[in-house]
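I have placed the structure first, in the form of structure tokens, so that the comments after it can refer back to it.
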Amino acid sequence: MATDAGGDPASRRRVRYGIIGVGMMGREHMINISHIRHEGVLLSCVSDPHPSSRDLAAQLARSLDFPNLQVFSDHHELLDSGLCDVVVVSSPNMTHFEILMDIISHPKPHHVLVEKPLCTTVQDCRKVIDAAKKRPEMLVQVGLEYRYMPPVAKLIEIVKSGALGQVRMVAIREHRFPFLVKVNNWNRFNVNTGGTLVEKCCHFFDLMRLFAGANPVSVMASGSIDVNHKDEVYDGKVPDIIDNAYVIIEFDNGSRGMLDLCMFAEGSKNEQEISVVGDIGKGEAFVPESIVCIGSRSAGRDGVKTIKADDERIRYEGLHHGSSYLEHLNFLSAVRAQDGGKPTVGLEDGLLSVAMGVAGQQSIEKRRFVSIEEVLLEH
């Protein structure tokens, strides 16, 4: 990697960033990177095949004082340019596999932060993992940034401390607004997203694994498209992404997880409500209210404590309550410690979060429990 010629921080290696895909989330990454420039980073280049996205990125770069940003129409040009040390992949879901394989196979090693989901299918996730094993000099981190939201991070800390005892049940409710409009409306169709339970809910399945301290065994889900997008037509096709679901997951240590998803619930005080119940206590996290409640069976209702969850490191709240900013700090730390470090959220985490979503989608279609093993063994 290139080194700083001077300035602050002079003692650190400068890390040059490239972004592949500068739609809404890619531009969000641009802003986050601008807020960590004090850490010795530089946004040097971006790529996107869509002229409108490139134009918006160029305008944003000027406003963020990245005057020398190079803008490419193809990610191969970005990789061949030699302008970046790390790459953020924030392109549409269905492009992740091809782009990741191109990055991993490129002669110049690039560290990678790839947006969730890792890929849209288990098979593609496995191929990426196999390819990455051949490039141990490259670090690949998966963008499951909900782990870093202050109230969620606090609840993870509480669970890991043992304050709740052995976790037996994890319940996550996301009641929110519909999917946003994306370039060419790619997020309206399962073939592009992997399905709502992969596209959106891999975050929550990842958190369930963390809270349960276990791996999934089987999934049972019920869901449908009941309200949103039913009157939309694109190239003669009506969207097929579900807008609500209940998902039950059984883990290999006997604990259970449950997801309650509704994407036509704008009238909610909190978008996410997370409940973790152990054999001696219960913890809850609320987003965006950013509070955590913790109680014990012995102290009862009167003993429940409410904690305001903040993280003073956050310089930019952005679209995800500061979690993307903290994710970037975490990723940068892993990159700088790459010789002896590893990503906090690795490729296996990405694979299992996708597998749980795929199993949920299949369960809805087949109207039965679907085992994680059968999903992982599919070819």
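Position 1 is the first residue of the sequence; numbering continues from there.
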Going by the angle between their ring planes, with limits at 30° and 60°, are His35 and Tyr316 parallel, tilted or perpendicular?
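If you compare the ring of His35 with that of Tyr316, the planes turn out parallel.
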
How are the rings of His328 and His29 set relative to one another: parallel (under 30°), tilted (30 to 60°) or perpendicular (over 60°)?
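Rings of His328 and His29: perpendicular, over 60°.
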
Say whether [X] and [Y], considering side chains only, have a donor N or O and an acceptor N or O under 3.5 Å apart.
| X | Y | value |
| --- | --- | --- |
| Asn187 | Thr193 | no |
| His50 | Asp48 | no |
| Tyr234 | Glu232 | yes |
| Asp252 | Asn215 | no |
| His229 | Asp243 | no |

Lys269 atom NZ: more than 12 heavy-atom contacts under 6.0 Å:
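At most 12 heavy atoms, drawn from other residues, nucleotides or ligands, come within 6.0 Å of this atom.
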
Enclosure of Glu373 CD (heavy-atom neighbours >12, cutoff 6.0 Å)
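It does not: Glu373 CD has 12 such atoms or fewer within range.
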
Do [Y] and [X] meet the salt-bridge criterion of a basic N to acidic O distance under 4.0 Å?
| X | Y | value |
| --- | --- | --- |
| Asp349 | Arg209 | yes |
| Lys237 | Asp235 | no |
| Arg147 | Glu327 | no |

Is the charged tip of Arg176 near the ring of Phe264: under 6.0 Å from the six-membered ring centre and within 45° of its axis?
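No, Arg176 does not sit over the ring of Phe264.
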
Minimum heavy-atom distance between [X] and [Y], given as atom pair plus value:
| X | Y | value |
| --- | --- | --- |
| Thr344 | Gln141 | N-OE1, 3.6 Å |
| Pro343 | Ala334 | CA-CB, 4.5 Å |
| Ala221 | Leu197 | CB-CD1, 4.5 Å |
| Leu319 | Glu28 | N-OE2, 2.8 Å |
| Arg135 | His106 | NH1-O, 2.8 Å |
| Gly357 | Val198 | C-CG2, 3.6 Å |

Indicate yes or no for a side-chain donor-acceptor contact from [X] to the backbone of [Y] under 3.5 Å, with no hydrogens or angles considered.
| X | Y | value |
| --- | --- | --- |
| Thr196 | Ile242 | yes |
| Asp311 | Pro150 | no |
| Arg37 | Ser34 | yes |

Does some side-chain heavy atom of [Y] sit less than 4.5 Å from a side-chain heavy atom of [X]?
| X | Y | value |
| --- | --- | --- |
| Ser255 | Phe211 | no |
| His110 | Ile103 | yes |
| Leu144 | Tyr146 | no |

Could you check His111 against Asp85 for side-chain hydrogen bond (donor to acceptor under 3.5 Å, both in side chains), going step by step and ending with a plain yes or no?
CA-CA 7 Å; His111 302 307; Asp85 308 301; over 6 Å; no

Checking side chain to side chain contact (heavy atoms under 4.5 Å, CB included) between Leu56 and each of Arg27, Met24, Met30, which is the one that passes?
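By the side chain to side chain contact (heavy atoms under 4.5 Å, CB included) criterion, Leu56 pairs with just one of Arg27, Met24, Met30: Arg27.
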
What is the distance from atom [atom1] of [X] to atom [atom2] of [Y], rounded to the nearest 0.5 Å?
| X | Y | atom1 | atom2 | result |
| --- | --- | --- | --- | --- |
| Ser218 | Phe369 | OG | CZ | 5.0 Å |
| Leu210 | Lys160 | CG | NZ | 6.0 Å |
| Ile274 | Ile172 | CD1 | CD1 | 5.0 Å |
| Leu259 | Met208 | CG | CE | 5.0 Å |
| Leu43 | Asn32 | CG | CG | 11.5 Å |
| Asp124 | Leu351 | CG | CG | 11.0 Å |

Per the side chain to side chain donor-acceptor pair (under 3.5 Å) rule, what does the pair list look like for residues 274-288, sequence neighbours excluded?
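For residues 274-288, and leaving out neighbouring residues, there are no side chain to side chain donor-acceptor pair (under 3.5 Å) pairs at all.
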
For salt bridge (Lys or Arg N to Asp or Glu O under 4.0 Å), just list the numbers for Lys182 and Glu199, CA-CA rounded to whole Å, side-chain angles, deciding distance to a tenth of an Å, and then say yes or no.
CA-CA 13 Å; Lys182 298 292 181 74; Glu199 205 299 317; 5.5 Å; no

The single option from Asp260, Asn228, Asp226 passing side-chain hydrogen bond (donor to acceptor under 3.5 Å, both in side chains) against Asn244:
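Filter result, single survivor: Asp226.
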
Can you list the steps and then say if Lys154 with Glu157 is a salt bridge (Lys or Arg N to Asp or Glu O under 4.0 Å)?
CA-CA 5 Å; Lys154 183 63 178 178; Glu157 177 187 318; 3.3 Å; yes

